[in-house]
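Worksheet for the structure shown next.
Along the sequence shown, the residues carry numbers beginning at 1. Quick caveat, the model's predicted, so the values are computed rather than measured.
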Amino acid sequence: MIADGHGKAVGFALAPGQAHELPLAPDMLDSLPAIPLWVVADKGYASDAFRERIWDMGARPAIPAKRRDAPVACPRWVYRCRHLVENLWARLKEWRAVATRYEKTAASFLVVIHIAAAADWIKC
């Protein structure tokens with residue numbers, strides 16, 4: 001999921017099965033309406049290639065390094081904003097269909113997530 005600086009959903013991609021979301025992340029960056037100042041992500045997205053992709057688009061990555069990697073510059077004050085995405089997931093999971101994933105197909109589950117996100121945008 002991509003969220004804006006106010007914690008509202010901007011885009012979604014659904015990874016197949018138990019696959020990690022990192023391969024989908026560069027394509028998600030292309031769906032942004034404008035180039036952000038910072039791209040904030042958790043340690044799961046810590047890869048040199050993804051950081052380079054963020055630098056190449058003109059933004060700055062705020063992604064902490066994993067324990068096994070060399071430390072990278074990640075300002076704490078920017079990384080603290082990651083809670084906005086966590087709060088967005090909490091609001092979306094208030095919808096029972098999102099929290100339990102009753103839908104059998106990925107397409108119908110993605111539709112439910114889009115409806116929940118649209119309702120979250122309306123609530124402002």
CD1 of Ile63 to CH2 of Trp38, rounded to nearest 0.5 Å, is 11.0 Å
Looking only at heavy atoms, the pair that brings Ala46 and Arg51 closest together is CB-NH2, 3.6 Å
**Item:** Under 3.5 Å donor-acceptor, Trp121 side chain and Ala9 backbone
**Value:** yes
Residues at least two apart in sequence or cross-chain that pass side chain to side chain donor-acceptor pair (under 3.5 Å) with Glu52, listed by chain then number, are none
Correct closest heavy-atom pair for Glu103 and Ala97 would be OE1-O, 3.6 Å
Hydrophobic clustering (ILVMFWY, side-chain heavy atoms < 4.5 Å, transitive) - are Val72 and Val40 grouped together? no
Ring pair (Phe, Tyr, Trp, His ring centres under 6.0 Å) filter on Phe50, not counting sequence neighbours, yields none
Residue set satisfying side chain to side chain donor-acceptor pair (under 3.5 Å) with Arg96, at least two apart, ordered chain then number -> Tyr102
Next item on the list: Could you tell me whether the side chain of Met1 reaches within less than 4.5 Å of the side chain of Ile113, counting heavy atoms only?
Entry: no
- Heavy-atom distance under 4.5 Å between the side chains of Met57 and Pro36, does that happen here? yes
Surrounding NE2 of His6 (heavy atoms of other residues, nucleotides or ligands, distance under 6.0 Å), is the total greater than 12? no
Are Val39 and Tyr45 side-chain neighbours, meaning at least one heavy-atom pair lies under 4.5 Å?
-> no
Ring pair (Phe, Tyr, Trp, His ring centres under 6.0 Å) filter on His114, not counting sequence neighbours, yields Phe12
Is there side-chain contact between Leu37 and Arg60, with at least one heavy-atom pair below 4.5 Å? yes
Above 12 or not: heavy atoms from other molecules or residues under 6.0 Å from NZ of Lys93? no
Of all heavy-atom pairs linking Ser31 and Ile2, the shortest is OG-CD1, 4.3 Å
Heavy-atom nearest pair, Val98 first then Ala116, reads CG2-CB, 4.1 Å
Heavy-atom count check: over 12 atoms from other residues, nucleotides or ligands less than 6.0 Å from Asp42 CG? yes
Residues at least two apart in sequence or cross-chain that pass side chain to side chain donor-acceptor pair (under 3.5 Å) with Arg91, listed by chain then number, are Asp120
Here the gap from Ile115 atom CD1 to Leu110 atom CG, rounded to the nearest 0.5 Å, amounts to 10.5 Å
- Query: Going hydrophobic residue to hydrophobic residue with side-chain gaps under 4.5 angstrom, can you get from Val85 over to Leu14?
  - Reply: yes
Taking every heavy atom of Ala65 against every heavy atom of Ala70, the minimum-distance pair comes out as CB-O, 3.3 Å
Cluster link Leu88 to Phe109, ILVMFWY, side chain under 4.5 Å: yes
Are Ile54 and Val10 connected, step by step, through hydrophobic side chains (Ile, Leu, Val, Met, Phe, Trp, Tyr) whose heavy atoms are closer than 4.5 Å? yes
For Ser108, the side chain to side chain donor-acceptor pair (under 3.5 Å) test, sequence neighbours excluded, returns Thr105
Closest heavy-atom pair, Met28 versus Ala13, reported as atoms and distance to 0.1 Å, is SD-CB, 3.3 Å
When Arg76, Arg82, His83 are each screened for side-chain hydrogen bond (donor to acceptor under 3.5 Å, both in side chains) with Tyr79, the one that passes is Arg82
